[in-house]
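See below for the structure under consideration.
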Amino acid sequence: MKILIPLKQVPDSTVRVKVAPDGKRIAADGITWSISPYDEYAIEMALERKDSDPSTIVAVVTVGPARSRDALRQALAMGCDEASLVLAEEEVAPLAVARALAKVVQDAKPDLVLCGKQASDDDQGFVGPALAEVLGWAHVSTITKVVVSEGAAELWREVEGGHEVWKATLPALATVHKSEKEPRYPSLPGIMKAKKKEIPERPFASLGIDANAPKLEIVSLEPPPARGGGKILKDGDAKALAERLATSLRDEAKVL
Amino acid sequence: MTAPTGGFVVGGVILLLLVVLGFGAFLWRAYRLYRYMRLGRNEARIDHPWRRVRDELIVYLGQRKLLKRPYYLRGLAHAFIFWGFLIITIGTVDLLIDGIFGFHLPGAGSAVFAWTIDLFAVLVLASIAVAAVRRAFFPPPRMHVALDGYVILGMIALLMLTLLVFEGAGLSAGLLERGYTPPPIANGILRSIFSRDLAGVVFPVAWWTHVVTVLAFSAYLPQSKHLHIVTTFPNVFFRKQTPRGQLSLIKDIEQQETFGAATIRDFSWKQLLDGYTCTECGRCSDNCPALATGKPLDPQRIVLDIRDQLLREGAALLADPKARTTAPAHWSERKPEELWACTTCAACVEACPVTIEHIDKIVDMRRNLTLMEGSAPPEAQRAMTNIERAGNPWGAPRESRGDWARELGVPTFAENPNAEYLYFVGCAASVDSRNQKVAVALAQILKAAGVSFAILASEETCNGDPARRIGNEYLWQTQAQRNIETFAKYRIRKVIASCPHCFNTIANEYPQLGGNYEVVHALQLVDRLIAEGKLKIARGTAEAIAYHDPCYLGRHNGVYDPPRAVLDAMPGVERVEIEPYHRERGFCCGAGGGRMWMEEKVGQRVNHRRIDQLLATNSGATKVASGCPFCLIMLEEGVGAKGVQEQVKPVDVLELVAGRLQS
Ligand code: SF4
Ligand code: SF4
């Protein structure tokens with residue numbers, strides 16, 4: 001079987017983001033980029049399936065600028081078999097991304113598409129379900145487990161106090177909340193092999209899709225205000241302390 | 001001619017035959033073992049030849065590593081057996097030559113030689129008695145007490161006895177002519193026991209028994225762990241002469257296809273020789289913090305499993321050069337958890353009397369798990385990913401590295417490229433809030449002493465030590481390379497580290513990648529600044545402070561005294577030791593070898609045991625001082641878990657100094 005994972009390269013979660021001078025974007029210089037964490041879970045989920053059935057083919061694709069190649073290499077190093085890039089230096093509207101991915105899916109003909117449930121940069125959670133809609137496929141969101149058997153898949157989804165199990169005939173799409181294990185650390189031969197692997201690329205414009213789609217416009221970005229120092233109330237018995245705490249919460253913090 | 005083969009051609013021939021049989025059996029087996037050993041990969045061990053000769057004199061002949069706390073008496077008994085054995089072997093060789101060819105070695109007929117043999121024969125017998133009683137009645141917990149030991153002790157005792165009896169009886173029977181006063185035991189006691197007639201019979205019997213025992217001994221030896229009498233000689237000679245804290249470099253790592261030790265062939269010949277040399281004494285295991293706290297790791301088993309596996313597979317591997325064999329992670333009941341339990345504290349290496357190198361084997365096996373199989377524990381993988389992406393195992397933003405220094409006016413090299421020293425802050429003191437206080441303390445001290453220094457702030461990256469010890473040589477190399485390039489950019493030559501792991505890897509391991517610097521640990525520098533009068537310490541409150549030796553400062557780098565000297569230089573401070581676990585027997589905090597980043601669920605936590613040891617001294621210490629950020633974190637967690645944080649407070653020695661600076 002073949003599993004395709006569309007992924008997104010995002011600023012690594014360890015990066016301290018800064019706002020660009022125009023106040024509408026984050027400053028891109030000196031940033032460490034990596035695969036969005038939920039996409040890593042999707043990859044791990046697919047690779048776990050490959051561990052138990054080595055005939056599984058795991059492919060990754062991304063729509064993004066040239067630097068996204070690094071994210072694809074990272075996925076190859078983890079153990080994915082194929083990677084391809086849809087090159088778009090300018091930011092593409094989410095629905096157009098979904099349309100581009102639909103093209104890739106139609107060519108690659110996977111049995112299952114796994115997306116991260118949302119990208120960690122803008123947290124929209126849009127592309128996965130939109131891709132299913134464009135393809136006209138069934139989809140289940142935020143899954144934690146997938147069990148594949150003859151032409152069908154059981155998709156497990158955590159809900160409060162238990163989980164739901166959905167059955168879908170393949171092909172189908174799911175967005176991933178978490179894999180069973182933490183995303184694997186690549187082996188060194190894996191890293192070396194990934195460095196040599198060819199990553200086919202096609203320009204976004206060559207796909208011939210409609211790039212017109214609604215897009216969010218960012219009016220302004222600003223960092224959260226610096227956290228002021230905490231305050232420790234000492235000296236005094238419990239009652240006096242409680243009174244002072246209540247006063248502070250009302251008059252200073254204005255939360256009561 | 002004094003041997004009872006005298007004149008008899010038959011006797012001489014029989015003797016010659018026995019010698020060929022006995023020594024032949026030895027050589028036959030020894031050659032086999034040698035060929036097995038050569039199955040291991042190549043490794044050059046001939047650097048520093050003079051140091052090797054020196055070590056041979058001190059460690060092999062001098063028995064230096066046996067005479068150690070808490071093993072003095074046993075060590076001395078062993079030393080006597082060994083020295084006696086060597087001297088008597090010379091006597092035996094002389095006796096055989098005499099028996100076959102009818103002449104003596106030069107000097108063998110002298111009074112000095114006879115008296116020496118006589119004296120040592122007695123010392124050996126007494127020491128054997130000590131050893132036998134100890135085995136029978138007080139067997140040490142980790143030692144394998146097997147028949148083998150008694151057989152060897154018995155044979156050596158027999159050698160000594162027959163020699164004395166032979167000499168005594170010979171004298172009594174008038175068969176031996178001595179041109180000097182014969183030695184007291186053989187002459188005085190034994191001579192008077194035998195009547196002249198009896199002596200005539202005892203003399204040849206004792207002689208032949210001696211000879212047969214020698215030959216039986218040499219035939220038996222290679223089957224026994226007592227082969228160490230022989231193998232220790234090369235094992236000491238070929239011991240690692242590079243710093244103890246330096247792991248081996250994987251050269252041209254991007255061109256390699258396999259990494260670490262997965263099978264017997266992946267160990268070096270020296271690592272296999274270690275297996276032949278292990279005496280099964282159990283000293284390594286006695287001192288292992290992982291084993292002591294119930295982890296599934298036993299350093300002695302690490303060594304012996306390699307040996308046993310080699311003996312099991314050796315013949316098949318020699319027969320088929322292509323045969324690949326089982327990975328050590330799957331030998332017998334070995335589980336990878338054993339390998340992950342090691343803190344690389346070097347207590348085993350320090351304790352081993354025959355210079356066996358445990359850590360290198362463990363790390364080689366870890367390299368295989370991490371680099372080939374990608375199977376390090378998940379928390380360790382997270383730490384490695386963080387190092388890769390953020391340059392520190394915590395995963396704190398790289399840009400935050402210099403935050404602690406911002407308000408202190410500590411310059412970066414970008415701001416002051418002419419600073420004399422680089423203070424390499426390290427990840428812990430850069431991003432861990434508790435350890436940031438230590439960095440602040442050191443900055444204050446350096447300023448007070450007028451030392452010219454700067455930091456690299458966000459240009460600094462992890463020194464790579466945790467990655468290297470988890471087995472990720474590649475990540476270590478990339479981190480180290482990055483730092484080396486940054487150092488080169490600012491022409492940095494002198495480095496201060498407040499973390500022993502940074503100190504060890506920059507001082508001992510960066511040279512492997514071409515980075516050579518003058519590196520000091522902050523406490524060495526502070527010690528020097530105090531001695532030079534550049535730092536003045538004010539009198540503080542009188543208090544008792546215990547010192548905890550960080551493994552990478554103490555055992556790995558021999559820095560035991562400077563931190564103590566700093567404590568002693570503080571008026572009012574009474575330094576106390578965590579007896580008997582201090583200096584080279586210091587007990588690990590549990591964080592080394594990448595363990596800081598792994599869960600510890602089996603057995604007692606190592607740091608909790610350390611706090612138990614501290615409390616058991618009843619020294620009244622109100623603080624426990626260390627010189628390592630990881631020790632500090634572990635000790636803090638330990639006192640918290642034990643509920644004694646009010647009673648004894650973990651600190652870094654630097655914080656104590658900074659708090660008592662005299663303006
Ligand atoms: S280095 Fe320390 S933890 Fe590791 S085996 Fe040796 S004594 Fe045990
Ligand atoms: S490795 Fe060294 S310390 Fe450990 S049992 Fe063998 S000889 Fe003794």
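By convention in this document, chain letters (A, B, ...) are assigned in the order of the sequence lines, proteins followed by strands, and residues within each chain are numbered from 1.
- The number of heavy-atom neighbours closer than 6.0 Å to CZ of A:Arg25, taken from other residues, nucleotides and ligands shown, is 12 or below.
- Counting heavy atoms of neighbouring residues, nucleotides and ligands inside a 6.0 Å radius, atom CD of A:Glu201 exceeds 12 of them.
- Within the 4.5 angstrom heavy-atom criterion, no atom of B:Asn392 approaches chain A.
- For chain A, no part of B:Glu473 is nearby; none of its heavy atoms comes within less than 4.5 Å.
- Contacts with chain A were tallied for B:Ala376, B:Ala380, B:Gly395, B:Ser458; B:Gly395 has the most, counting heavy-atom pairs under 4.5 Å.
- The line from OH of A:Tyr185 to CD1 of B:Ile470 is 9.0 Å long, rounded to the nearest 0.5 Å.
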| task | Please step through side chain to side chain contact (heavy atoms under 4.5 Å, CB included) for the pair B:Gln381 and A:Glu182, ending with a clear verdict. | result | CA-CA 9 Å; B:Gln381 298 189 2; A:Glu182 281 294 300; 5.6 Å; no
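- Chain A forms more heavy-atom pairs under 4.5 Å with one residue of B:Ala390, B:Pro378, B:Gly391 than with any other, namely B:Ala390.
- Heavy atoms of A:Lys181 lying under 4.5 Å from chain B are absent altogether.
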| Can you check side chain to side chain contact (heavy atoms under 4.5 Å, CB included) on A:Lys195 and B:Glu254, steps first, answer last? | CA-CA 11 Å; A:Lys195 279 195 178 175; B:Glu254 301 205 342; 3.4 Å; yes
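- Within 6.0 Å of CD in A:Gln124 there are more than 12 heavy atoms belonging to other residues, nucleotides or ligands.
- Atoms CE and CG, from B:Met372 and A:Leu188 in turn, are 8.5 Å apart once rounded to the nearest 0.5 Å.
- Within a 6.0 Å sphere centred on CZ of B:Arg482, other residues, nucleotides and ligands contribute 12 heavy atoms or fewer.
- Atom CZ of B:Arg382 has 12 or fewer neighbouring heavy atoms from other residues, nucleotides or ligands inside a 6.0 Å radius.
- In this structure, no portion of B:Ser375 lies under 4.5 Å from any heavy atom of chain A.
- For the atom pair CG (A:Asp12) and OG1 (B:Thr385), the distance works out to 9.0 Å, reported to the nearest 0.5 Å.
- Contacts of B:Glu257 with chain A are made by backbone atoms alone, with heavy-atom separations under 4.5 Å and no side-chain atom involved.
- One distance of note links CG of B:Leu369 with OG of A:Ser187; it measures 12.5 Å at 0.5 Å rounding.
- The environment of CD in B:Gln645 is crowded: more than 12 heavy-atom neighbours from other residues, nucleotides or ligands sit within 6.0 Å.
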| query | Would B:Glu399 and A:Lys18 count as a salt bridge (Lys or Arg N to Asp or Glu O under 4.0 Å) if you check the C-alpha gap in whole Å, the side-chain angles of each, and the deciding distance to 0.1 Å? | reply | CA-CA 11 Å; B:Glu399 300 75 20; A:Lys18 285 193 227 78; 5.7 Å; no
